[in-house]
Amino acid sequence: MTAVLFDFSGTLFRVESTESWLRAVLDEAELPLAEAELTRTARELEHVGALPGGTAPRVPMPDALAAVWGVRDESAELHRAAYTGLSRLVTLPDPALHDALYDRHMLPAAWRPYPDAAEVLRALRERGAKVGVVSNIGWDLRPVFRAHGLDRYVDAYVLSYEHGVQKPDPRLFEAACTALAVEPRDVLMVGDDQRADGGAAALGCGVHFVDHLPAAQRPDALRPVLDLVG
């Protein structure tokens, strides 16, 4: 392998907890909420899957929202509509909070790199391996990498909303291989979603999976990647 493609959320970075997400937005809006009410509301938001990068929805969706959900990563507009649609299944103190929550999740402060992410990316750079980030996403994640000092290790970003196609469609992985000027057979895709990230196998890439866990619970799952790259 001469190049490694990484997924973003749940692979290199993990989003903050739903409670932290909600608390930050309430604080910014200067809307006090009793602790018990905040905890209950955070639990409801998590149950409906309103936090991008967090828990998947565990409730049936209205048909119109389900249709958007299926293609949410193909554009910025669809991504926002899907997640604010889920958020609106929960009653909040102010309707403006639904968009504020969405805006919050795009901030670098909402994301934390996994403990071994910098170490592994740095080692790949030292070995001369090319690195790409391939993400199903509806917004520009480059500022997150820059803010956390990891942008220096990434050679190319291939984001679904910029290409109008989402994983597991092989075209997104093909775009990444083209951007890195490498053949798929020389590429390893690392991700946390067997269906989405596993789509790279159809192109001939190797695939390696990690568990989508909170950062504190996954200190070294990326390190085996170094054993797979020559």
Side-chain angles (χ1 to χ4, degrees), residues 4-18 21 45-46 48-57 65-87 98-114 117 121 131-148 150-151 153-180 189-200 203 205 207 209-210 212-215 222:
V4 183
L5 304 178
F6 288 96
D7 173 52
F8 167 57
S9 174
T11 300
L12 288 176
F13 283 82
R14 174 67 188 236
V15 74
E16 65 188 330
S17 70
T18 309
W21 176 56
L45 287 166
E46 183 164 337
V48 302
L51 172 58
T55 305
L65 180 55
V68 174
W69 178 258
V71 292
R72 65 191 180 281
D73 296 313
E74 293 183 5
S75 77
E77 295 76 16
L78 289 168
H79 196 267
R80 179 180 285 270
Y83 282 102
T84 57
L86 288 171
S87 175
H98 297 291
D99 277 305
L101 284 168
Y102 184 85
D103 292 339
R104 162 72 188 182
H105 102 276
M106 295 187 286
L107 298 179
W111 295 89
R112 178 181 173 188
Y114 280 94
L121 291 175
V131 170
V133 172
V134 183
S135 178
N136 276 353
I137 200 165
W139 50 277
D140 187 3
L141 51 71
R142 295 172 183 88
V144 176
F145 279 78
R146 287 196 292 269
H148 290 279
L150 300 186
D151 178 67
Y153 304 123
V154 180
D155 299 294
Y157 295 90
V158 177
L159 312 181
S160 60
Y161 85 102
E162 294 181 338
H163 291 262
V165 62
Q166 60 190 35
K167 298 181 289 187
D169 193 313
R171 288 177 292 175
L172 205 61
F173 304 106
E174 185 175 17
C177 291
T178 298
L180 295 177
M189 175 67 206
V190 181
D192 66 299
D193 187 320
Q194 295 203 16
R195 177 181 177 274
D197 300 313
L203 198 64
C205 301
V207 181
F209 296 109
V210 293
H212 186 123
L213 294 170
L222 291 170

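Treat the numbers as computed from the prediction; the structure is a model and nothing was measured.
- You'll find the side chain of Phe173 stays beyond 4.5 Å of the side chain of Val158, heavy atoms only.
- His148 contributes a side-chain N or O that, together with a main-chain N or O of Pro108, makes up a donor-acceptor pair within less than 3.5 Å.
- The two atoms that bring Tyr114 and Thr11 nearest to each other are CD1-O, 3.3 Å, heavy atoms only.
- Taking the six-membered ring for Trp and thresholds of 30 and 60 degrees, Trp69 and Tyr83 have ring planes more than 60 degrees apart, a perpendicular arrangement.
- Side-chain atoms of Arg14 and His212 form a donor-acceptor pair, as typed in the model, at a separation below 3.5 Å.
- Considering all non-hydrogen atoms of both residues, Val210 and Gly10 come closest at CG2-O, 4.0 Å.
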Check your understanding: Checking salt bridge (charged side-chain N to carboxylate O under 4.0 Å, His left out) for the pair Lys167/Asp197: CA distance, chi angles, key distance, verdict?
Key -> CA-CA 7 Å; Lys167 298 181 289 187; Asp197 300 313; 2.6 Å; yes

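- Counting only distance, with no hydrogens or angles, the side chain of Glu16 and the backbone of Ala109 share no donor-acceptor pair below 3.5 Å.
- Summarising the geometry, atom CZ belonging to Phe13 is positioned 4.5 Å from atom CG belonging to Leu150; distances are rounded to the nearest 0.5 Å.
- With rounding to the nearest 0.5 Å, the separation of CG in Leu45 from CG in Leu101 is 6.5 Å.
- No side-chain heavy atom of Leu222 sits less than 4.5 Å from a side-chain heavy atom of Leu121.
- A distance of 6.5 Å separates OG of Ser9 from CG of Asp192, quoted to the nearest 0.5 Å.
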Check your understanding: Given the rule in the side-chain contact (heavy atoms from CB on, under 4.5 Å) test, do Leu172 and Ser160 qualify, once you have shown the distances and angles that lead to the verdict?
Key -> CA-CA 7 Å; Leu172 205 61; Ser160 60; 4.1 Å; yes

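- In this pair, Trp111 and Trp139 present their aromatic rings tilted. The plane angle is within the 30 to 60° band.
- No donor-acceptor pair closer than 3.5 Å links the side chain of Tyr161 to the backbone N or O of Leu78.
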Exercise for review: Under the side-chain contact (heavy atoms from CB on, under 4.5 Å) rule, what do Asp103 and Arg80 come out as? Steps first, then yes or no, please.
Suggested key: CA-CA 9 Å; Asp103 292 339; Arg80 179 180 285 270; 2.6 Å; yes

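- Of the possible polar contacts, one joining the Asp155 side chain to the Val131 backbone as a donor-acceptor pair under 3.5 Å is found.
- In this structure, the separation between CD1 on Ile137 and CZ on Phe8 is 5.0 Å, given to the nearest 0.5 Å.
- Of the possible donor and acceptor atoms, one in the side chain of Gln166 sits under 3.5 Å from a partner among the backbone N and O of Asp73.
- Asp140 contributes atom CG, which lies 10.5 Å from atom CE of Met106 (distance to the nearest 0.5 angstrom).
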Exercise for review: Could you go through the side-chain contact (heavy atoms from CB on, under 4.5 Å) check for Asp7 and Met189 one step at a time?
Suggested key: CA-CA 8 Å; Asp7 173 52; Met189 175 67 206; 4.0 Å; yes

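- For the pair Ala200 and Val207, the tightest heavy-atom approach, listed with the atom from each and the gap, is CB-CG2, 4.3 Å.
- Within a 6.0 Å radius of CZ in Arg142, other residues, nucleotides and ligands contribute more than 12 heavy atoms.
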Exercise for review: Decide yes or no on side-chain contact (heavy atoms from CB on, under 4.5 Å) for Trp21 and Val15, but give the supporting numbers first.
Suggested key: CA-CA 9 Å; Trp21 176 56; Val15 74; over 6 Å; no

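- Once rounded to the nearest 0.5 Å, the distance linking CG of Leu12 with OH of Tyr153 reads 12.5 Å.
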